[in-house]
**Student:** 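This is the structure, below, for whatever I ask next.
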2 protein chains.
Amino acid sequence: MTTTQELTQAEAAYVDEIAEFFVGEGLPLIAGRVIGWLLISDPPEQTPAQLTAALQVSRSSISSAMRLLTPSGLVERTRRRGDRSEYFRIAPEGWSRMLMRRYSQTTAFREVTERGLELLAGAEPARRERLEQVTDLYRFLESELPALLERWRSRQQGGRP
Amino acid sequence: MTTTQELTQAEAAYVDEIAEFFVGEGLPLIAGRVIGWLLISDPPEQTPAQLTAALQVSRSSISSAMRLLTPSGLVERTRRRGDRSEYFRIAPEGWSRMLMRRYSQTTAFREVTERGLELLAGAEPARRERLEQVTDLYRFLESELPALLERWRSRQQGGRP
DNA sequence: CAGTCGTTGCAGTAATAACTGCAACGACGG
DNA sequence: CCGTCGTTGCAGTTATTACTGCAACGACTG
């Protein structure tokens with residue numbers, strides 16, 4: 001049986017604080033709350049049923065939220081052996097995975113600006129200058145950001161062979 | 001007099017391509033189009049009137065878009081001496097300024113996760129672990145990202161005392 | 001096979017947001 | 001002082017989206 005978990009006032013407030021942040025990032029409210037709760041929930045792994053109980057929302061909403069959150073790599077599904085139910089949790093590598101993904105649109109944008117330079121192929125240099133500058137910047141980021149995250153990841157597991 | 005500027009089909013398509021990208025980032029469509037057009041417009045500086053003509057939108061929308069775009073530092077207002085009208089353009093330092101601003105929410109988020117650790121002050125280490133990990137990551141980024149951008153900026157103007 | 005659990009799709013509602021068009025305002029140049 | 005230009009606020013329209021509740025489905029357990 002699943003013990004229906006009640007959030008304390010402080011916990012609920014904190015979950016909303018986290019949610020508010022991700023809403024600002026473009027996520028729907030419930031998805032933000034899921035992240036918030038998964039960050040502080042007492043068992044770090046939570047079944048969909050537990051999430052609906054804790055956050056007081058419909059099962060559909062939880063399901064939609066997970067469909068939204070898992071592709072980014074922040075939240076992942078786990079199963080326990082001998083347990084049919086599914087668990088969700090914040091992936092240990094979730095944050096860096098999420099950032100990796102976000103940084104990958106750096107590449108997407110650079111491709112767009114390069115296409116702009118093709119469009120202005122015949123134009124005077126002065127007109128092309130803006131696109132050239134931003135292309136340069138994004139190329140720079142594209143080469144540096146993955147290395148940055150890699151540096152962090154190796155520092156995290158540092159010393160472990 | 002303001003020459004009413006017609007965008008070629010290719011230009012309009014490219015403006016929309018850029019706009020689509022920024023819509024994905026959460027910007028309204030028109031603001032995205034303004035960025036797109038300011039990236040390739042023949043005079044890089046454009047008056048509000050020129051923008052309404054080029055993008056075929058109401059003056060209100062242009063005004064709102066500028067109110068939205070200028071605080072981030074991407075777009076800036078310029079004036080020419082002896083010319084009462086106002087010009088907008090992509091700021092030369094606009095992109096790095098915009099990224100600076102975006103990175104600053106790294107700090108905001110770290111503060112939220114730290115507040116979470118206060119909330120879980122009495123909890124077992126296993127429960128605090130998630131928040132500790134993400135706090136560590138964001139502290140790392142917080143220290144590295146500004147340096148990264150600074151490196152680019154100095155590389156841009158390299159050699160100039 | 002019966003029961004449970006999670007997913008998915010759909011209809012309906014409510015809230016939000018973008019955009020337009022209009023009107024009023026202030027600043028400035030001729 | 002008149003005309004132009006940009007800004008701002010507001011009403012109204014339209015489109016989008018989040019969320020709920022329900023129903024159907026498949027997978028798996030006991």
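Throughout, a chain's letter reflects where its sequence line sits, starting with A, and its residues are numbered from 1.
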**Student:** In whole angstrom, what separates Leu69(A)'s CG from dT7(C)'s P?
**Tutor:**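 From Leu69(A) CG to dT7(C) P: 12 Å.
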**Student:** What integer distance in Å separates Leu55(A):CG from dT20(D):C1'?
**Tutor:**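 Roughly 15 Å, once rounded to whole Å.
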**Student:** Between protein and nucleotides 11-16 of chain C, what N or O pairs are separated by less than 3.5 Å?
**Tutor:**
none

**Student:** For Tyr138(B) and Tyr103(B), I'd like to know if the aromatic rings sit close, meaning centre-to-centre distance below 6.0 Å.
**Tutor:**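 Ring centres of Tyr103(B) and Tyr138(B) not closer than 6.0 Å.
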**Student:** Grouping I, L, V, M, F, W and Y whenever their side-chain heavy atoms are under 4.5 Å apart, do Leu7(B) and Tyr14(B) come out in a common cluster?
**Tutor:**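 Looking at the clustering, Tyr14(B) is in the same group as Leu7(B).
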**Student:** Specify the separation, in whole Å, of atom CZ of Arg67(B) and atom P of dA17(C).
**Tutor:**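 Nearest whole value for this atom pair: 15 Å.
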**Student:** Select one nucleotide: of dT7(D), dG6(C), dT8(C), the one nearest the side-chain heavy atoms of Ser63(A).
**Tutor:**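 Out of dT7(D), dG6(C), dT8(C), the nucleotide with an atom closest to Ser63(A)'s side chain is dT8(C).
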**Student:** Looking at Arg102(A) and Glu25(A), is any side-chain nitrogen of the basic one under 4.0 Å from a carboxylate oxygen of the acidic one?
**Tutor:**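 Salt bridge present between Glu25(A) and Arg102(A).
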**Student:** Rounded to whole Å, please give me the gap between CD in Glu86(B) and C1' in dA27(C).
**Tutor:**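 Between C1' of dA27(C) and CD of Glu86(B): 11 Å.
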**Student:** Is Met100(A) reachable from Leu145(A) through a run of I, L, V, M, F, W or Y residues, each pair having side-chain heavy atoms under 4.5 Å apart?
**Tutor:**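 Both belong to a single hydrophobic cluster.
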**Student:** Between Arg110(B) and Glu114(B) (salt bridge meaning N to carboxylate O under 4.0 Å), is one present in this structure?
**Tutor:**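 Result for this pair is yes, salt bridge flagged.
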**Student:** Under 3.5 Å, is there a donor on one side chain and an acceptor on the other for Ser64(A) and Ser61(A)?
**Tutor:**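 On atom types as modelled, these side chains do not qualify, holding no pair under 3.5 Å.
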**Student:** Supply the atom-to-atom distance Glu11(B) CD to Ser41(B) OG, rounded to the nearest 0.5 angstrom.
**Tutor:**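 The distance works out to 9.0 Å.
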**Student:** How far apart are the C-alpha atoms of Glu76(B) and Arg97(B), what are their side-chain angles, what is the distance that settles it, and do they pass the salt bridge (charged side-chain N to carboxylate O under 4.0 Å, His left out) test?
**Tutor:** CA-CA 11 Å; Glu76(B) 68 181 5; Arg97(B) 270 206 291 254; 3.5 Å; yes
**Student:** If hydrophobic clusters are built from ILVMFWY residues whose side chains come within less than 4.5 Å, do Met98(A) and Leu69(A) share one?
**Tutor:**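 Cluster IDs for Met98(A) and Leu69(A) match.
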**Student:** When the distance from CE of Met66(B) to C1' of dG6(D) is rounded to whole Å, what number comes out?
**Tutor:**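 Going from CE in Met66(B) over to C1' in dG6(D) covers 12 Å.
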**Student:** What is the separation between atom CZ on Arg77(B) and atom C1' on dC5(D), rounded to the nearest whole Å?
**Tutor:**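 These atoms are roughly 13 Å apart.
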**Student:** Anything under 3.5 Å between a protein N or O and an N or O of nucleotides 18-20 of chain C, put it in a table, one pair a line.
**Tutor:**
unit_1	atom_1	unit_2	atom_2	d
dC19(C)	OP1	Leu29(B)	N	3.3
dC19(C)	OP1	Ile30(B)	N	3.0
dT20(C)	OP2	Ser58(B)	N	3.3
dT20(C)	OP2	Ser58(B)	OG	3.0
dT20(C)	OP2	Ser61(B)	OG	2.2

**Student:** Tell me the interatomic distance from Gln50(B), atom CD, to dG6(D), atom C1', rounded to whole angstroms.
**Tutor:**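 The answer, rounded to whole Å, is 14 Å.
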